[in-house]
> 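This is the structure I have questions about; it appears just below.
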Amino acid sequence: MIIIDKKTVANIPLLEVVKQEFIQEKCATVFFLHGFSSIKENNLHYAYLLAEKNIRVVLPDAMFHGDRSESLSIEKLAFHFWNIILKNIEELDQLKKAYIAHGWSAENKIGVAGTSMGGITTLGALTQYDWIKCAVSLMGNPCYDQFARYLVEKVKEQGITLPLTESQLEEEYKKVSRFDLSKQPEKLKERPLLFWHGKKDPVVPYHYAYDFYQNMKELYSGHEEDLQFILDEHGEHKVSREGVLATVRWFDKYIH
């Protein structure tokens with residue numbers, strides 16, 4: 001039997017999905033992060049399939065989302081986009097430490113995955129935490145600096161005035177650049193990493209991640225299977241069934 005437990009760990013509301021027999025056992029763990037304006041419950045299908053593979057899955061709510069909502073308008077929420085991602089990265093370490101301390105997670109068997117904003121978080125977390133054994137980015141983007149500038153330009157194109165000067169914007173770009181995997185690819189340390197992206201994605205254009213993948217292939221020479229990119233020719237900003245199942249196969253192969 002697979003259990004869904006709603007709980008708070010390290011002051012973060014989350015869902016934990018695990019086989020009943022492993023509730024109090026130390027086991028492989030995947031932290032799965034949701035997208036912008038989404039909620040932890042929206043990724044339960046991933047969690048169920050991963051739990052079937054004897055993996056504990058932790059689905060936290062991001063700041064200002066789900067059980068942490070402050071009823072912000074979508075515009076105000078968007079203004080906090082990068083702050084939410086950086087908070088996600090910070091809280092990921094807090095959750096990991098808590099799960100290790102409770103004896104729920106095997107320290108050498110921890111993976112991270114996420115959709116969209118959660119995928120972006122996953123790629124940034126790889127620059128900070130060596131304890132991530134393997135990862136999956138679904139519609140994510142490793143190029144924090146480029147993507148931050150792209151998003152600002154998209155906002156300006158809509159005629160929206162940002163409450164920041166150009167020099168303030170540059171400071172914000174510097175803040176996120178510290179987590180930019182494309183600028184420090186050596187921090188990936190050849191860990192198993194799977195990308196899934198829709199070629200027609202209008203929200204997070206695929207080419208940032210795809211170009212990064214192409215540039216990284218040489219570093220995986222001799223074990224090319226550890227770095228994979230699934231590009232769905234017809235996909236938009238929604239993960240296909242193939243992408244979901246590929247995520248499950250990836251962790252089943254690399255986390256144990």
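This is a predicted model, so every value here is computed, not measured. The first residue of the sequence shown is numbered 1, and numbering continues consecutively from there.
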> With rounding to the nearest 0.5 angstrom, report the CD to CG distance, Gln184 to Leu126.
10.5 Å
> Are the side chains of Asp180 and Pro142 in contact, using a 4.5 Å heavy-atom criterion?
no
> To check you understand the geometry: which heavy-atom pair defines the closest contact between Ala246 and Leu194, and what is its length?
O-CD2, 3.7 Å
> Of the non-hydrogen atoms in Phe251 and Gly111, which two are nearest, and what is the gap between them?
CE2-CA, 3.9 Å
> Would you call Asp130-Lys187 a salt bridge at under 4.0 Å N-O?
no
> Under 4.5 Å between side-chain heavy atoms, hopping through other hydrophobics if needed: is there a path connecting Leu245 to Val136?
yes
> Any chance you could measure Ile3, atom CD1, to Glu16, atom CD, to the nearest 0.5 Å?
10.5 Å
> With heavy-atom distances below 4.5 Å as the criterion, would you say the side chains of Ile2 and Val18 are in contact?
no
> Do Ile230 and Tyr213 share a hydrophobic cluster (ILVMFWY, side-chain heavy atoms under 4.5 Å, transitive)?
no
> Quick one, Leu86 and Lys175 - any side-chain contact, counting heavy atoms below 4.5 Å?
yes
> Please walk me through it: do Ser116 and His237 pass side-chain hydrogen bond (donor to acceptor under 3.5 Å, both in side chains)?
CA-CA 8 Å; Ser116 194; His237 198 64; 2.9 Å; yes
> Measure across Asn88 and Ala62 and return the closest heavy-atom pair with its distance rounded to 0.1 Å.
OD1-CB, 3.4 Å
> Hey, are His34 and Asn43 close enough side-chain-wise for a donor-acceptor pair under 3.5 Å?
no
> Would you find more than 12 non-hydrogen atoms of other residues, nucleotides or ligands less than 6.0 Å from His234 atom NE2?
no
> Flag the pair Glu91 and Arg68 as a salt bridge only when some basic side-chain nitrogen lies within less than 4.0 angstrom of an acidic carboxylate oxygen.
yes
> Looking at Asp232 and Lys199, does any basic side-chain N land under 4.0 Å from a carboxylate oxygen?
no
> Given the ring of Trp104, does Lys7 sit roughly above its face, with NZ or CZ under 6.0 Å from the centre of the six-membered ring and within 45° of the axis?
yes
> Compare all side-chain heavy atoms of Asp61 with those of Ile12 and state whether any distance is below 4.5 angstrom.
no
> Determine the sole option in Asn141, Leu231, Leu123 for which the side-chain contact (heavy atoms from CB on, under 4.5 Å) test with Phe195 is passed.
Leu123
> For a quick test of reading the model, state the closest non-hydrogen atom pair linking Asp226 to Trp250 and the distance between them.
O-CZ2, 3.3 Å
> Within the structure provided, determine whether His197 and Tyr210 are in side-chain contact (heavy-atom separation under 4.5 Å).
no
> Within the 3.5 Å criterion, strictly below it, is a donor on Asp93 or Trp131 matched to an acceptor on the partner's side chain?
yes
> Test your reading of the model: is there a side-chain donor-acceptor pair from Thr29 to the backbone of Cys27, 3.5 Å cut-off?
yes
> With the side chain counted from C-beta on, respond yes when Tyr144 and Ser177 share a heavy-atom pair under 4.5 Å apart, and no when they do not.
no
> One pair to check against side-chain contact (heavy atoms from CB on, under 4.5 Å): Lys133 and Tyr254. What are the steps and the verdict?
CA-CA 8 Å; Lys133 184 179 182 182; Tyr254 287 108; 5.8 Å; no
> Taking Arg56 for its side chain and Ile23 for its backbone only, find out whether a donor-acceptor pair lies under 3.5 Å.
yes
> Where do His80 and Phe64 land on the ring-ring contact (aromatic ring centres under 6.0 Å, His included) test, with the steps shown first?
CA-CA 9 Å; His80 291 288; Phe64 302 137; 5.0 Å; yes
> side-chain contact (heavy atoms from CB on, under 4.5 Å), that's the test. Do Leu219 and Leu188 meet it? Break it down for me.
CA-CA 10 Å; Leu219 292 179; Leu188 186 50; over 6 Å; no
> Group every Ile, Leu, Val, Met, Phe, Trp and Tyr by side-chain heavy-atom contacts under 4.5 Å, then state whether Val244 and Val17 land in the same group.
yes
> Grab the two heavy atoms, one from Leu95 and one from Ala10, that are nearest each other, plus how far apart they are.
CD2-CB, 4.5 Å
> Is there a path of hydrophobic side-chain contacts, each under 4.5 Å between heavy atoms of I, L, V, M, F, W or Y residues, that connects Leu193 with Tyr208?
yes
> Give a yes-or-no answer on whether the side chains of Lys19 and Asn54 include a donor-acceptor pair shorter than 3.5 Å.
yes
> Working to the nearest 0.5 angstrom, can you tell me the gap between Cys143 SG and Ile120 CD1?
10.5 Å
> Determine whether Ile255 and Val30 make a side-chain contact, defined as any pair of heavy atoms from C-beta on separated by less than 4.5 Å.
yes
> Would you say that Ile100 contacts Lys97 through its side chain, given a criterion of any heavy-atom pair below 4.5 Å between the two side chains?
no
> Parallel, tilted or perpendicular for Phe81 and Phe36, by the 30°/60° rule?
perpendicular
> Answer yes when Glu107 and Lys96 have at least one side-chain N-carboxylate O distance shorter than 4.0 Å, and no when they do not.
yes
> Give a yes or no on this: more than 12 heavy atoms of other residues, nucleotides or ligands lie within 6.0 Å of atom CG of Asp5.
yes
> Does the Ser69 side chain pair with the main chain of His65, one donor and one acceptor, at a distance under 3.5 Å?
no
> Let me see the working for Tyr46 and Val248 under side-chain contact (heavy atoms from CB on, under 4.5 Å), right down to the final yes or no.
CA-CA 7 Å; Tyr46 291 95; Val248 176; 5.6 Å; no
> Is there a chain of hydrophobic side chains (I, L, V, M, F, W, Y, each step under 4.5 Å between heavy atoms) that links Leu14 to Phe32?
no
> Look at atom CD of Glu218 and say whether more than 12 heavy atoms of other residues, nucleotides or ligands are closer to it than 6.0 Å.
no
> State, to 0.1 Å, how close Ala209 and Gly140 come at their nearest heavy-atom pair, and which atoms those are.
CB-O, 3.9 Å
> Asp252 vs His256, test: side-chain contact (heavy atoms from CB on, under 4.5 Å). Steps then yes/no.
CA-CA 7 Å; Asp252 190 34; His256 292 295; 3.7 Å; yes
> How long is the span from the CG atom in Leu33 to the OG atom in Ser38, to the nearest 0.5 Å?
11.5 Å
> Under 30°, 30 to 60°, or over 60°: which ring-plane class applies to Phe31 and Tyr99, parallel, tilted or perpendicular?
perpendicular
> For the residue pair Phe147 and Trp82, does the interplanar ring angle fall in the parallel (under 30°), tilted (30 to 60°) or perpendicular (over 60°) class?
perpendicular
> Let me confirm one number: the NZ-OG1 distance from Lys87 to Thr121, rounded to the nearest 0.5 Å.
13.0 Å
> Test: side chain to side chain donor-acceptor pair (under 3.5 Å). Region: residues 149-166. Which pairs qualify, not counting sequence neighbours?
Asp145-Arg149, Arg149-Glu170, Lys156-Glu166, Thr165-Ser167, Thr165-Gln168
> Charged N to carboxylate O below 4.0 Å: is that the case for Lys200 and Glu236?
no
> About how many Å separate CG of Leu15 and CG of Leu59, when rounded to the nearest 0.5 Å?
5.5 Å
> Starting from the C-alpha separation in whole Å, work towards a yes-or-no answer on ring-ring contact (aromatic ring centres under 6.0 Å, His included) for His45 and Tyr48.
CA-CA 5 Å; His45 55 309; Tyr48 181 86; over 10 Å; no
